[in-house]
Number of protein chains: 2
Amino acid sequence: MPGASLTLRGIGKQFDVSMTPAREAVRRLVAEGALFLSSSGRVSTPELSNERIEELAALRAMLEPELASRALPRAHFALIERLETINQAVSQMVARHDAIGYIRMNLEFHRTLYLRAQAPAMLMMTETVWLQMGPTMRALYGRLNRKEPPPHHRLILSALKAGDEPGLRLAVRADVTQGLRLLRG
Amino acid sequence: MPGASLTLRGIGKQFDVSMTPAREAVRRLVAEGALFLSSSGRVSTPELSNERIEELAALRAMLEPELASRALPRAHFALIERLETINQAVSQMVARHDAIGYIRMNLEFHRTLYLRAQAPAMLMMTETVWLQMGPTMRALYGRLNRKEPPPHHRLILSALKAGDEPGLRLAVRADVTQGLRLLRG
DNA sequence: TTGCGGTTTTTGTGATCACAAACGAAGCAT
DNA sequence: ATGCTTCGTTTGTGATCACAAAAACCGCAA
């Protein structure tokens, strides 16, 4: 949960290692912005302000349409088929109210598409943004129980099939910003 | 230099600490993409391929105009004056062929502007991109000896003074992509 | 009940060590 | 000369420890 605090010894015990590897993992996640490091060295999951959430949404809205656009020329039928399979899994997660599974599958959908962009640095930055929103997304998607799968995924898929680059950019941007609109407290 | 290898014990000795803090610092820089971690755990500065350089340039071209645009409404005279001072320092570095000082001052110019954007996550991603290009920039700017200060800084300053948002975006994008065009080997 | 000292426990930090894997150099064979 | 093997050295990893700072706890007083 956002704001939950972590201890090196606790993590170490949880994974049956000493403090040293736990420390490394934690500090890496801090460097990526996925965990918050207090001035006294204590570590906790971040509680994002509304401004921060909107900033991260703006980053996604810049990065992800570009990744999708770069993936478009390389998106052959096998990829689109795989995306449709993942999208069905997303719908299943919505149906069974599995918030964590929903987030996982939703990001899997996006990552599978973006991998085709052959832009590793861009993809890594995008995943860093996702990581920063992780605890917040989990808390809020768990709270509200949706009935419908994300509507823009179908738009993304049809734009991919049609080779419609502006439409794809729009669909991705809409998917990203619509999902994040729910997080505004 | 790009490709130079680093050892934990070496860094520790250099800064009069043990391996432990050296390891943490190195792993953080690896997480940020500033250092390269081989599969065997060895660490070195990265050697960027041309594709990677263009990708990082594309990231700068997306992020930095947005940051400048967000800073524009808050850019008062004191800030512009400070930017002009920094820009003079940039020119001095060019004049005395100080590649490191030039890179430092050039980024200082950009960071000073972007700080006004009140967008810490965006600024951090941008600085991460800078960090990834660090060794490569240093190697290449040291090699070629320029005579002229960066021409687009003046354009940025006049767009700031005029409150010209599209012009500012264009000037920033041009400054970023022009600087990076020199790095294409 | 609430606020405040003082004590105890928890927690991160940095150092050191043993160990295994990877590297590099030297020697040998072709 | 070149490629391969071998052996000594370097290097990262994870564990453990001492220490200091911070947090949590407890009891007491207003």
Side-chain angles (χ1 to χ4, degrees), chain A residues 1-49 52 56 120-121 123-125 127-139 185, chain B residues 1-49 52 56 120-121 123-125 127-139 185:
Chain A
M1 294 300 294
S5 62
L6 304 172
T7 66
L8 298 184
R9 287 174 176 86
I11 295 170
K13 183 154 293 185
Q14 193 172 341
F15 292 94
D16 267 314
V17 293
S18 78
M19 296 171 58
T20 313
R23 210 192 322 186
E24 258 187 51
V26 160
R27 300 306 286 262
R28 170 177 169 188
L29 288 167
V30 167
E32 290 173 340
L35 290 177
F36 171 73
L37 181 68
S38 86
S39 57
S40 68
R42 252 75 171 190
V43 163
S44 59
T45 49
E47 299 182 277
L48 303 184
S49 65
R52 182 58 73 108
L56 293 172
L123 179 56
M124 178 157 297
M125 306 235 100
E127 296 195 272
T128 296
V129 176
W130 294 347
L131 217 50
Q132 294 186 36
M133 306 194 315
T136 302
M137 287 182 74
R138 192 226 148 127
Chain B
M1 294 301 293
S5 62
L6 304 171
T7 67
L8 298 185
R9 287 175 175 85
I11 296 170
K13 182 155 295 184
Q14 193 172 340
F15 292 94
D16 266 313
V17 292
S18 79
M19 296 171 58
T20 313
R23 207 187 333 182
E24 259 187 51
V26 160
R27 300 306 286 261
R28 171 176 169 188
L29 288 167
V30 168
E32 290 173 338
L35 290 178
F36 171 72
L37 181 68
S38 87
S39 57
S40 68
R42 253 74 171 190
V43 164
S44 59
T45 47
E47 298 181 279
L48 303 184
S49 65
R52 182 58 71 105
L56 294 173
L123 179 56
M124 179 156 297
M125 307 233 99
E127 295 194 274
T128 295
V129 176
W130 293 348
L131 218 49
Q132 294 186 37
M133 306 193 315
T136 302
M137 287 181 74
R138 192 229 148 124

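Letters go in sequence order (proteins before strands), and every chain restarts at 1.
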Identified side chain to side chain contact (heavy atoms under 4.5 Å, CB included) partner of A/Val43 from the options A/Val26, A/Leu8, A/Ile11, A/Thr7: A/Val26
Which distance, rounded to the nearest 0.5 Å, do you find between the CG of A/Leu6 and the CZ of A/Arg42? 12.5 Å
Using only atom types and a distance under 3.5 Å, with no angle test, would you say the side chain of A/Thr45 pairs donor to acceptor with the backbone of A/Leu35? no
Between D/dA23 atom P and A/Leu8 atom CG, what is the distance in whole Å? 15 Å
Rounded to whole Å, NZ of B/Lys13 lies from P of D/dG12 at a distance of 13 Å
Rounded to whole Å, please give me the gap between CD1 in B/Ile11 and P in D/dT11. 11 Å
Rounded at 0.5 Å granularity, tell me how far CG in A/Leu56 sits from CE in A/Met137. 11.0 Å
Looking at every strand, decide which applies to B/Leu37 at a 4.0 Å heavy-atom threshold: base, sugar-phosphate, or nothing. nothing
Would you give the length of the straight line joining atom OG1 of B/Thr128 to atom CE of A/Met124, rounded to the nearest 0.5 angstrom? 11.5 Å
Whole angstrom value for the distance that separates P of D/dT9 from CZ of B/Arg42: 16 Å
Which heavy-atom pair separates B/Met125 from A/Gln132 by the least distance, and what is that distance? CE-NE2, 4.5 Å
Separation of C/dG12 P from A/Phe36 CZ (nearest whole Å): 14 Å
Taking only residues two or more places apart in sequence, or in another chain, which ones meet B/Arg23 in a salt bridge (charged side-chain N to carboxylate O under 4.0 Å, His left out)? A/Glu24
Of residues 17-25 of chain A, the positions that come close to DNA chain D - non-hydrogen atoms, cut-off under 4.0 Å: A/Val17, A/Ser18, A/Thr20, A/Pro21
What I want to check is whether an N or O donor and acceptor connect the side chain of B/Arg9 with the base of D/dG12 at under 3.5 Å. yes
Between A/Asp16 and B/Val43, whichever has its closest DNA chain D nucleotide further toward 5' is B/Val43
Five-pair end axes of the helix from C/dT1-D/dA30 to C/dT30-D/dA1, angle between them (10°): 30°
Hey, is the side chain of A/Ser40 poking within less than 4.0 Å of OP1 or OP2 on C/dG12, counting only N and O atoms? no
Looking at A/Pro46 and A/Pro135, what are the two nearest heavy atoms and their distance? CD-CG, 4.1 Å
Report yes if the side chains of B/Arg9 and B/Lys13 come closer than 4.5 Å at any heavy-atom pair, otherwise no. no
